[in-house]
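Down below is the structure, laid out as structure tokens.
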Amino acid sequence: MSDEVARDPFARLRAATPARIGLGRSGAALTTATSLEFQYAHARARDAVHRPLDIPGLKAALAPLETVDVQSAAPDRQTYLRRPDLGRQLGSGVVLDSMEGCDVALIIADGLSADAVQSHAAPVLHALCPRLMGLRLSPVVIATQARVALGDAIAERFGARLSIVLVGERPGLTVADSLGAYITFAPGRGVRDSARNCISNIHGQGGLTHDLAAHKIAWITREALRLQLTGTGLKEEASALPGPNPDALPS
Amino acid sequence: MGYRATLGGETFRFDTLARLMAAATPARSGDALAGLAAQTDVERVAAQTALADLPVATFLSEALVPYEVCEVTRLILDTHDHKAFGTVAHMTVGQFRDWLLSDAATTRALQALAPGLTPEMVAAVSKLMRNRDLIAVARKIRVTSAFRNSLGLPGRVGSRLQPNHPADDLKGIAASTLDGLVYGVGDAVIGINPATDNIPTATELLRMLEDLRCRYDIPTQTCVLTHVTNTIAMIEQGAPVDLVFQSVAGTQAANDGFGVSLAMLHEARDAALSLGRGTVGQNVMYLETGQGSALSADAHHGVDQQTLEARAYAVCRAVEPLLVNTVVGFIGPEYLFDGKEIIRAGLEDHFCGKLLGLPMGCDVCYTNHAEADQNDMDVLMTLMAGAGVHFLIAVPGADDIMLNYQSLSFHDIAYLRNSFGLRAAPEFEDWLERFGLITESGHLIDGATGAQRLLGAS
């Protein structure tokens, strides 16, 4: 047995899992250092839930794409967390004009992590829009205090055939800025979650890259418009990205 | 018809028994979301006052969820033991509370009463009880269950070792399992929530756990928490299934949402029993529940979430489980908003389950969008240990990297042992001592040495 293994038998096990193993202990408690590490991770996750979206910053990142902001019927974060039903309805006074022949409504929803939206929504859309060439896209709707199903109400106003909602996923301790993408054919009131396709775990710590996420979303979008459905009847089978290793692409 | 109470000259009316039960429930976000909660604090006390005067026997003649549409209601009423009910048959709900807290309600008396109680009765009385009352009564109740070890004995607390991995990586899961064993965790079960829920993955994970258990000769049971139909299929294919897992709820409609029925649970139990793998007992079921599951499935029939949770325990009781676990803080803040609501719900669930005769455990946990933190978990686990909980869940460093929520850490089980003298199941404790992982006094040996003993034996 090497000296290192004798000192820390978990050294070689740690490579097998991101779980917090071999932490050591002070009596039966966490050591000061591991206790502080945990608190830091939890604090980051909570900040990600509660931090408001920086809308001007997001718009700057989205330029030159046209944007519109809307709010759900949940007036603040506290209400949003207690009332998922309000996060699925448009706030009063929101005006979105019907768009003749709109194929795809593009929506960014803060969801449970504004950090995820701030970091990943614009690069995903910049990678996605060229892949949707030939389709008529709505302006990018930036929705706050928003859940996934708010996209149905928005897409319905546009009269869009399909919606793409990019949403901040519930933060974990390890990854607090993971983005999800929900694609819904014939979006409207009463759509069931089983009628959506989802691409999740778009983030920079071993998750999907922006380019690969855009590739998958575009594939599902074109298949959905061809087959006229999304959900359990449409399995994502996008081919691997062509060309160089997607991890090597700037994102 | 209806129920009413007058407080301070104001009369409060409640049209139905379901309304009365909901209004009498201590405040929580899920009932407010469903539009069932009391409108004011005074209305809540008025409902509790009216409920205190209600004869307990009312729940035998008035179903909260219609008998005709719900097999859970039929199960509750058709299997009710009138003879056992005799002790409390003449009481009001308020008198029932007084009796439970009295010295007349001994361990033996409570055990004999269990088959005579329905979930609605225990839910009703819990609504009149403070947290300390829930602990005091639960602590008197003894429920034991057994498979390869004996759980629920006095002075002991079991633990589930939960070594989840986001990609179901076998080495990663084994590493977390070894980590937990070094802390003396895992007598209730070593149980994995698979990230990919299909039969080949579940079988692979189950075989890995079986190898590990056999290699170290650990007197415990293993489980992969997959759907009951998958487990039945695995048993048919000859996989080494110890326990059948399933999530269950308190209405037939909510169970439909889980894709499960009473008949399926019985079929699965029979299949697991046919393997005869238990050594000191034959409790082969592991069931999980949690307040809010019926509302989230839009299957709540206008009944409050705590009463529906207690009804899930009728489903559990029918299949004589080894373990029942309320996953109390997992569902999110729209059902239990903060630490206060999670702590209250955990104590209610434990009390109700135990009073109905179940081996009741708890996943002391929260999500990152709830107003809760590890301090709240410290409070709940310590209260649960005082209340005599059957088992608790623990994960490495309190961080479940697959389900993305926080539970207890392996450290916390060691805390309950060191600070309160609570011990593991006797067969498992003997193994820990034989393997040199704990001292004669039950304290953990140095972690690195413990790990080397396990790794050296692998």
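Naming convention: chains lettered A, B, ... in sequence-line order (proteins, then strands); numbering from 1 in each chain. As the structure is a computational prediction, the values presented were derived from the model and not from experiment.
Side chain of A:R46 to backbone of B:A370: a donor-acceptor contact under 3.5 angstrom is found. No donor-acceptor pair closer than 3.5 Å links the side chain of B:H165 to the backbone N or O of A:P18. No donor-acceptor pair closer than 3.5 Å links the side chain of A:R25 to the backbone N or O of B:Y183.
When the candidates B:G30, B:S176, B:S29, B:G332 are compared by the number of heavy-atom contacts under 4.5 Å with chain A, B:S176 comes out ahead. With chain A as partner, the option from B:E371, B:K171, B:M402 having the largest number of non-hydrogen pairs under 4.5 angstrom is B:E371. Looking only at heavy-atom pairs under 4.5 Å with chain B, the residue among A:A48, A:G27, A:P84 that has the most is A:P84. With respect to chain A, the highest number of heavy-atom pairs below 4.5 Å among B:Y415, B:Y335, B:Y366 belongs to B:Y366. Heavy-atom pairs under 4.5 Å with chain B peak, among A:A176, A:S113, A:A29, at A:A29.
Contact of the A:D85 side chain with the B:L33 side chain is registered, since non-hydrogen atoms from C-beta on lie closer than 4.5 Å. Contact annotation: the side chain of A:L13 never approaches that of B:D179 to less than 4.5 Å [non-hydrogen atoms, C-beta and beyond]. Two residues are said to be in side-chain contact when any heavy atoms from C-beta on lie closer than 4.5 Å; A:L23 and B:H411 meet this criterion.
What you find for A:I21 and B:A175 is that their closest heavy atoms are CD1-CB, 3.8 Å. Looking at every heavy atom in both residues, B:N418 comes nearest to A:A28 through ND2-CB, 3.7 Å. Across B:F337 and A:L81, no two heavy atoms sit closer than the pair CE1-CB, 4.3 Å. The two residues B:L403 and A:R170 have their closest heavy-atom pair at O-NH2, 3.2 Å.
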Please evaluate residues B:F410 and A:R20 with respect to the criterion side-chain contact (heavy atoms from CB on, under 4.5 Å), reporting the C-alpha separation (whole Å), side-chain torsions for both, the decisive distance (0.1 Å), and the verdict.
CA-CA 10 Å; B:F410 297 144; A:R20 293 168 197 261; over 6 Å; no
Quick one, A:H42 with B:Q374, criterion side-chain contact (heavy atoms from CB on, under 4.5 Å). Give me CA distance, side-chain angles, the key distance, then yes/no.
CA-CA 9 Å; A:H42 184 232; B:Q374 221 64 28; over 6 Å; no
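Counting non-hydrogen atoms of neighbouring residues, nucleotides and ligands closer than 6.0 angstrom, the CZ atom of B:R423 reaches no more than 12 such neighbours.
Neither the backbone nor the side chain of B:A34 comes within contact range of chain A, judged by heavy atoms closer than 4.5 Å. Both the backbone and the side chain of B:N368 come within contact range of chain A, judged by heavy atoms closer than 4.5 Å. Only the side chain of A:L112 comes within less than 4.5 Å of a heavy atom of chain B; its backbone N, CA, C and O stay farther away.
Between the CG atom in B:D338 and the CZ atom in A:R82 there is a gap of 7.0 Å [rounded to 0.5 Å]. Once rounded to the nearest 0.5 Å, the distance linking CG of A:L30 with CG of B:D412 reads 7.5 Å.
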